[in-house]
**Student:** 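I have a structure I would like to understand better, so I am pasting it below and will then ask my questions one at a time.
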Amino acid sequence: MTTALITGATAGLGAAFARRLARDGHDLVLVARDEERLREQAAAMHDRYGVNASVTVADLSTEEGISTVEERLTDQARPVDLLVNNAGFANRDTFLKVPVEDELTMLKVHCEAVLRLTSAAAGSMRDRGRGGVVNVASLAAFVPRGTYGASKAWVVQFTQGVAKDLAGSGVRLMALCPGFVRTEFHKRAGMDAGSVPGWMWLDADKVAGAAVKDLARGRTLSIPGVRYKALMGAANLLPRSVLARASSSTGRRYAPR
Ligand SMILES: NC(=O)c1ccc[n+]([C@@H]2O[C@H](COP(=O)([O-])OP(=O)(O)OC[C@H]3O[C@@H](n4cnc5c(N)ncnc54)[C@H](OP(=O)(O)O)[C@@H]3O)[C@@H](O)[C@H]2O)c1
């Protein structure tokens, strides 16, 4: 039996990864801040799929939270075979309207936590000669979109770079870059999701399923959905200024406070 550790497993994409990986027979370690939701999710995964599911309560914007998960990932007695660095969020509003501390918190969760957890997991995996890491980035990594897009661009570059460094070690790394996915993400950020055209929305379970398949195929970058694959192809042909105008505004209308 293999074990997968998923950060941000209480909602959205992380919960979808939990369902998919439990269905495939992986035991689970579920990480997030909300202990009650974590316990409910673990019980549901055990009851529905018969896997062992444990919880680790950790706030990945804190030193203590990151260290707790690092310790779990380096516990030789309970090896983790697959790490999904999924926890993330968007800040409400555009640059200068967001307090700089909140932007730094984002960099801690999206970059520092991803770097440290990848390092902790991949080291043990390389010693065992097998394992996988999925780092959830975003299509925003490829277009101008404030601190959020910049942090996700770091995730893509970091993941593909480490994948090259570890080639041949038995450890696979992949950056997952979805477009808009129906989750709690937009509501939490106070975004008016109604401003996003219907065809742009992806289903979280389908995104998790596509990611699992792409990792198995040895991809280092996964862009789920035919429409988004085509969109990214077309985006490469557009002038950067046109792309910047469209990408920095789509889905960035905010609901009244
Ligand atoms: N939804 C989209 O359109 C979309 C598109 C592209 C990429 N993504 C990326 O997908 C990932 C998952 O987002 P989602 O859409 O599934 O959002 P979501 O539904 O809001 O879920 C976010 C998850 O992250 C956890 N989390 C947030 N801050 C955390 C922290 N400081 N420490 C630990 N856990 C934390 C939350 O749990 P707790 O609140 O219990 O901690 C929750 O389980 C993110 O990295 C996001 O950037 C989303």
Side-chain angles (χ1 to χ4, degrees), residues 5-20 28-42 55-70 72 84-92 101-102 104-114 116-117 134-143 145-156 159 175-193 195-197 200-208 210-211 221-225 228 231-232 247 250-252:
L5 184 148
I6 305 161
T7 70
T10 48
L13 262 180
F17 268 107
R19 287 190 289 276
R20 172 59 198 236
L28 301 174
V29 182
L30 307 175
V31 179
R33 293 167 298 184
D34 186 329
E35 183 168 3
E36 198 180 327
R37 280 186 88 178
L38 277 172
R39 295 208 178 282
E40 280 169 14
Q41 172 80 338
V55 306
T56 299
V57 181
D59 180 346
L60 294 172
S61 71
T62 67
E63 177 57 36
E64 190 193 354
I66 298 175
S67 304
T68 301
V69 185
E70 281 176 320
R72 178 63 189 84
V84 183
N85 275 314
N86 161 79
F89 64 97
N91 282 320
R92 185 195 172 102
E101 308 85 66
D102 293 357
L104 287 168
T105 301
M106 175 176 284
L107 295 185
K108 186 119 185 162
V109 176
H110 289 183
C111 303
E112 182 177 337
V114 169
R116 288 174 55 182
L117 300 190
V134 175
N135 289 332
V136 180
S138 166
L139 273 192
F142 305 109
V143 291
R145 202 171 169 92
T147 307
Y148 179 81
S151 71
K152 295 301 189 179
W154 179 88
V155 174
V156 172
T159 306
L176 172 63
C177 293
F180 289 97
V181 191
R182 286 200 193 280
T183 66
E184 297 175 13
F185 179 90
H186 306 90
K187 191 166 180 215
R188 285 182 192 230
M191 291 176 184
D192 172 11
S195 64
V196 179
M200 292 189 102
W201 289 102
L202 296 169
D203 172 75
D205 287 299
K206 287 190 179 148
V207 171
L221 182 73
S222 172
I223 296 177
Y228 276 108
L231 202 64
M232 283 317 289
S247 67
T250 308
R252 274 180 120 194

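As the structure lists them, so they are numbered: ligands from 1, and atoms in each ligand from 1.
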**Student:** Strictly distance-based, threshold 3.5 Å: is any side-chain N or O of His110 a donor or acceptor partner for the main-chain N or O of Phe89?
**Tutor:** yes
**Student:** Please check this pair: side chain of Asn91 against backbone of Asp102, looking for a donor-acceptor N/O pair closer than 3.5 Å.
**Tutor:** yes
**Student:** Would you mind listing every salt bridge (charged side-chain N to carboxylate O under 4.0 Å, His left out) that reaches into residues 181-191, with sequence neighbours excluded?
**Tutor:**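 Checked against salt bridge (charged side-chain N to carboxylate O under 4.0 Å, His left out) - neighbours excluded - the pairs reaching residues 181-191 are Arg37-Glu184, Glu184-Arg188.
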**Student:** Could you tell me how the ring of Trp201 sits relative to the ring of His186: parallel (under 30°), tilted (30 to 60°) or perpendicular (over 60°)?
**Tutor:**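 The rings of Trp201 and His186 stand perpendicular, inter-plane angle above 60°.
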**Student:** Decide yes or no for Met200 and Tyr228: does some side-chain heavy atom of the first lie under 4.5 Å from some side-chain heavy atom of the second?
**Tutor:**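 Heavy-atom side-chain distance check passes, below 4.5 Å.
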**Student:** Got the residues with a heavy atom under 4.0 Å of ligand 1, by chain and number?
**Tutor:** Gly8, Ala9, Thr10, Ala11, Gly12, Leu13, Ala32, Arg33, Asp34, Ala58, Asp59, Leu60, Ser61, Asn86, Ala87, Gly88, Val109, Val136, Ala137, Ser138, Tyr148, Lys152, Pro178, Gly179, Phe180, Val181, Thr183, Glu184, Phe185, His186, Arg188
**Student:** Donor-acceptor pair, Asn86 side chain versus Gly8 backbone, under 3.5 Å?
**Tutor:** yes
